[in-house]
2 protein chains.
Amino acid sequence: MDLFHALSDEDGRLSGLDRRLAQLALEDVDFVVNSSIGELAERAGVSPPTVTRFCRRLGCKGYPDFKVQLARLTYVGLRYVKPEVPTETADEVAEDIIAKAQNALFQLHRQLDFAALDTAARLLRGADFIQAFGASGNSAMIVNELHNRLFRLGCRVNASNDHNMNAMISAAALPGTVVFGSSFTGRDPALVHCLGLLRKRAIPTIVVTQSGSPVATAADVVISVDLPEGKNIFRPTSTRYAYLAVIDMLANLVAYTDRAKALKTLRSIKEELVSRRDGDDRQLLGD
Amino acid sequence: MDLFHALSDEDGRLSGLDRRLAQLALEDVDFVVNSSIGELAERAGVSPPTVTRFCRRLGCKGYPDFKVQLARLTYVGLRYVKPEVPTETADEVAEDIIAKAQNALFQLHRQLDFAALDTAARLLRGADFIQAFGASGNSAMIVNELHNRLFRLGCRVNASNDHNMNAMISAAALPGTVVFGSSFTGRDPALVHCLGLLRKRAIPTIVVTQSGSPVATAADVVISVDLPEGKNIFRPTSTRYAYLAVIDMLANLVAYTDRAKALKTLRSIKEELVSRRDGDDRQLLGD
DNA sequence: GAAATTATGAAAAAATATTTCTCCTCCGCT
DNA sequence: AGCGGAGGAGAAATATTTTTTCATAATTTC
């Protein structure tokens, strides 16, 4: 997975011919993956040994290993390198949306702070009451999902997407409350205001947002998600997939911290649903 | 992806040693991908030429090509073969959720009916009023997202997740209305009932659901999504990512069918948001 | 501006993969 | 049962690919 990082050479450690090779690899994975070292060397205008050394510097065992690692990346990792393909037909749009969504997930995985995730999950499980604050549009979906996921695990949780309401809730929050906030931009002044109120009153806060943003600064636990936004304004933002994944991770981890409790609640829900349905108990919990 | 099909040997075309090799490849991709032909041959107890022949029969150019193709599969395609890896720590959970989500998207892409998608988008764009019917939990998120996506494009749309309400709306629907429904299981009797009402009254209906299900049968346009459910009840269903992607595709296509209209509405929203924010107009439309 | 370090390629060596050829086994047929 | 053919499998030979070695050139460092 680090091969991608090494290839994109963000810290400029590659020099001369290596950079040329890296660029070629990113531009035309298919060619590289299907070529022998000689063919690649020729196309890049270097000698085979240079290619081998390049692979080693990137952390691979040799050229075949490099090919294999590159092939692994291709499926998702490299798609976003191609800037923006204009789409038109249904299959192009589908391809585009799937690729962007998978990329968002891929990128999220690369930048995730597992420790923060863990801390957040523990905080949530330990809370007497969880308040989830969203805003218009995207974050609303996220906090509603958090609600939907956590109530099933036996958590006391409320989701709210109204700024005034959020401020009142913040002012009224009792000890034992944990507040969760979501802001895609990290620049939601109303949420920052709430977080300020809560900090004064020592109510722990968790946010999913852009790192370094005002929202991030104002919160106790930050799960940062920094994704590039595409240029196609007609395509809904793929960042939502990453945020949704964060919610799933938190829900999953919260469930794990007290499996017995989670299981008990889930089972109650299931009984309720199955008794009202056709008895097929392999179905999802909540259509 | 056809390599995967060939390897899983659903039609039993592989024989003897080939089957052994296929099984080994599926079981331990990492080993295969990192071994020379000799090492693999030894571990499988066959000779190198047998391995080469095996690769050829699978449609690869040779052993190195086989390795590369197998590596390509690993990232997404093969993960779901491993039944359920038990997860525990934050990084395991993260990995698991990302993998399952990417898989859901991958699978969706493979089974998508682009024509249905296209028909649905045209219907939505042509509608005077769109009613989006969900249910508890998962579908609620989906139809709320549809609302959130479509109102931005200038569509008249209402999302409703209450069964009684949905029935009333169905009974009251005027010509020009288009109804969109989402059901993960396809066995939501209340939704089926609504679709029946609507069919009688010649109101067009679009659903996203399991193919062949009662909901699918009762609707005019079916975008079918058939995904296997994992066994880990503590992990929120990854099918949501696929449904969300369907919404994004529909929204994107609806926008494309009348770009001017979409652009105009999006621009109005943006002006409203930017004027109330810090003036950074590169931000998302709706935090 | 000289010494040391690093980068590069040609050629040789090693590793790896494929082809060829032969043997063996399993079938179907007499 | 025995014969003949098809197909599968491996040993050895061959071909290909990759890596190492070594000599040279470029670059950096002091």
Side-chain angles (χ1 to χ4, degrees), chain A residues 3 6-74, chain B residues 3 6-74:
Chain A
L3 179 66
L7 274 177
S8 39
D9 191 32
E10 281 144 17
D11 22 85
R13 282 210 312 246
L14 298 180
S15 58
L17 302 187
D18 277 5
R19 191 166 307 138
R20 194 147 94 215
L21 284 165
Q23 205 174 325
L24 181 57
L26 287 173
E27 266 167 17
D28 198 347
V29 185
D30 282 332
F31 171 78
V32 173
V33 145
N34 291 305
S35 309
S36 72
I37 195 169
E39 290 166 321
L40 172 59
E42 194 188 338
R43 172 144 167 210
V46 302
S47 69
T50 300
V51 176
T52 295
R53 286 186 285 250
F54 164 74
C55 299
R56 296 261 164 81
R57 269 193 282 268
L58 256 45
C60 305
K61 283 209 304 273
Y63 180 65
D65 185 41
F66 170 71
K67 288 211 300 193
V68 159
Q69 301 228 47
L70 190 61
R72 287 190 122 119
L73 278 188
T74 344
Chain B
L3 178 65
L7 275 177
S8 40
D9 191 33
E10 280 145 15
D11 22 86
R13 280 208 317 242
L14 298 180
S15 58
L17 302 189
D18 276 5
R19 192 166 309 138
R20 193 147 94 215
L21 283 165
Q23 205 174 327
L24 182 56
L26 287 175
E27 265 168 19
D28 198 347
V29 184
D30 283 333
F31 171 77
V32 173
V33 145
N34 291 304
S35 309
S36 71
I37 195 170
E39 290 166 322
L40 173 59
E42 193 188 339
R43 171 144 167 207
V46 303
S47 68
T50 300
V51 176
T52 295
R53 286 187 285 251
F54 165 73
C55 298
R56 295 261 163 82
R57 268 192 282 270
L58 257 45
C60 303
K61 284 208 304 272
Y63 181 65
D65 185 42
F66 170 70
K67 288 211 301 193
V68 159
Q69 301 227 54
L70 191 60
R72 283 194 124 119
L73 280 188
T74 348

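Letters A, B, ... mirror the listed sequences (proteins, then strands); counts begin at 1. Reckoned from all heavy atoms, side chains included, excluding hydrogens, waters and symmetry mates. Keep in mind the model is a prediction, meaning the values are calculated, not measured.
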In whole Å, what is the span from the CD atom of A:E39 to the P atom of D:dT16? 12 Å
For B:N34 and C:dT16, give me the distance from atom CG to atom P, rounded to whole Å. 13 Å
Between CG of B:L40 and C1' of C:dT18 the distance, given in whole Å, is 15 Å
When you check the phosphate oxygens OP1 and OP2 of C:dG9, does a side-chain N or O of A:T50 lie under 4.0 Å from one of them? yes
Per-nucleotide protein contact string for nucleotides 18-28 of chain D (B base, S sugar-phosphate only, - none; heavy atom under 4.0 Å): SBB--------
A:L21 vs A:V32, test: side chain to side chain contact (heavy atoms under 4.5 Å, CB included). Steps then yes/no. CA-CA 10 Å; A:L21 284 165; A:V32 173; over 6 Å; no
How far does CG of B:L58 sit from CD of B:Q69, to the nearest 0.5 angstrom? 9.0 Å
I want to check one thing: is the phosphate of C:dT8, taken as OP1 and OP2, less than 4.0 Å away from some side-chain N or O of A:S47? no
When you look at B:F66 and B:V51, which way does the side chain to side chain contact (heavy atoms under 4.5 Å, CB included) test go after all the steps? CA-CA 10 Å; B:F66 170 70; B:V51 176; 6.0 Å; no
Taking it one step at a time, do B:Y63 and B:L40 satisfy side chain to side chain contact (heavy atoms under 4.5 Å, CB included)? CA-CA 10 Å; B:Y63 181 65; B:L40 173 59; 3.6 Å; yes
May I ask you to decide if A:E39's main-chain N or O and A:E42's side chain share a donor-acceptor pair within less than 3.5 Å? no
Check for a donor-acceptor pair, side chain of A:K67 on one end and backbone N or O of A:S35 on the other, with a separation under 3.5 Å. yes
Tell me the interatomic distance from B:L21, atom CG, to D:dA9, atom P, rounded to whole angstroms. 9 Å
